Protein chains: 2
Amino acid sequence: MSEKMSVKERIVETTARLFYHQGFNNTGINQIIAEANIAIGSLYNHFKSKEDLLLNYLEQEEITFFSNLDLFMKDEQKPEKKLLKFIDYRIQLQKQAGYSGCHFIKINAEIGRENEKVATRVINHKQKQRDYLKNLIQSFDSNSNLSKENLANIIFLMIEGAVASSSIKGNTQDLEVLRKTILELI
Amino acid sequence: MSEKMSVKERIVETTARLFYHQGFNNTGINQIIAEANIAIGSLYNHFKSKEDLLLNYLEQEEITFFSNLDLFMKDEQKPEKKLLKFIDYRIQLQKQAGYSGCHFIKINAEIGRENEKVATRVINHKQKQRDYLKNLIQSFDSNSNLSKENLANIIFLMIEGAVASSSIKGNTQDLEVLRKTILELI
DNA sequence: GTCTATAAGGAGATAGAC
DNA sequence: GTCTATCTCCTTATAGAC
């Protein structure tokens, strides 16, 4: 971690890394301050609780996911290729992340829907992905009898399943199979 | 919990309930012994560690999942109806579980692939579900250009995504949409 | 704003009585 | 086999010096 990062930036970076790769419940405040190389008083100066750290983490991941997606997609115009490129994006993310799955599914699996703020952020993130796919698929020529909305939902679910499988198996095999066959389904 | 259950049965029942609904890392030994109404010495007489409890939990869930599936399917012969019934099974499980998702995906999300024994049990469970679907789809008349194996994998991934979505949204909406449209895809 | 020291309670696990 | 008492370490969070 760069020495030039501010205390707050080091907290945010370390928290994100540990919550994602090691789990929220399995990551202690003490480990965060040790790896961020800061004092515990500084952490509680910037964030009022561990839950506050979690909510900030989810907000940042939400922003990062879609801004990086826009960058990844920016030079592609053809709808068919954009759909493949969306899958490429999730393949790339999994490879970079050491096949650790989806940030939001992991948090949902760990803490369920009991915390309303967390549950809302997870639902909203997944709905945004669905809407992104729906918009993309609207401009398709499709042979399917299914509605575009129905198709978008089905495709979204396949990708979600393939990302979950990526975390289980430690590879992107299912995402790649999906990429090869998805255009035949729609 | 029945007073007639043995100490070991009460440990197993309580552990399964808490690990599933509350999470592995979020469930302490002290809570298990309190809710099972046993002494901590008794727990460590039957299981040598918390990891041992976890491995036993996954083994039991594996057995329960497929034996209950066989019971659920036993009177249905037509492949098309069996496929729908497989989805019905997962809908029923989610409704009974208060939409808490898949036991194995949750554990993978919580502790990753670092523990080899746990990782193997998760992989094997998911592979068994895939094989079950593959066998079922082999006997289909399909209009699709995709291979039966490819179709089985795609369908498996859709169901997995819909179960994950069930846990996020607290309903079975995606599983039900999937049930309605799946026969048109194959 | 960042730091150290510490509170108050919970974690997993063991020893040894009965 | 089941129990109580206890060990050691770690958890989140706060107080108050600089």
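Bear in mind the structure is a predicted one, so any value in this text is a computation, not a measurement. We name chains A, B, ... by the order of the sequence lines, and we start the count at 1 in each one.
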Query raised in the report: Which part of the nucleic acid does Gly28(B) contact within heavy-atom distance under 4.0 Å: base, sugar-phosphate only, or nothing?
Result: sugar-phosphate

Query - Any donor-acceptor N or O pair under 3.5 Å, side chains Thr27(B), Gln31(B) - result: no

Query raised in the report: For Ile40(A) and Asn45(A), take the nucleotide of DNA chain C holding the closest heavy atom to each; which residue's nucleotide lies nearer the 5' end?
Result: Asn45(A)

Query raised in the report: Side chains of Asp88(A) and Gln92(A): do they bring a donor and an acceptor to under 3.5 Å?
Result: no

Query raised in the report: Can we say Arg130(A) and Asp174(B) salt-bridge, meaning some charged N sits less than 4.0 Å from an Asp/Glu carboxylate O?
Result: yes

**Report entry** Phosphate OP1/OP2 of dG10(C) contacted by Asn30(B) side-chain N/O (<4.0 Å)
**Finding:** no

Report task. Enumerate the residues from residues 109-119 of chain B whose closest heavy atom to DNA chain C is under 4.0 Å, giving them by residue number; use none for an empty result. Result -> none

Query raised in the report: Hey, is Glu176(B) close enough to Lys169(B) for a salt bridge, meaning N to O under 4.0 Å?
Result: no

Query raised in the report: If you find the nucleotide of DNA chain C closest to Lys50(B) and the one closest to Gly41(B), which residue's nucleotide is nearer the 5' end?
Result: Lys50(B)

Query raised in the report: Counting side-chain heavy atoms from CB outward, which of dC3(D), dC3(C), dT12(D) is closest to Ala39(A)?
Result: dC3(C)

**Report entry** Ser42(B) side chain near dC3(D) phosphate (N/O to OP1/OP2, under 4.0 Å)
**Finding:** yes

Query raised in the report: Quick check, are the ring centers of Tyr132(A) and Phe156(A) under 6.0 angstrom apart?
Result: no

Report task. Scan side-chain atoms only and decide if Thr14(B) and Glu35(B) contain a donor-acceptor pair under the 3.5 Å cut-off. Result -> no

**Report entry** Phosphate-side-chain proximity, Tyr44(B) and dT14(C), N/O vs OP1/OP2 below 4.0 Å
**Finding:** no

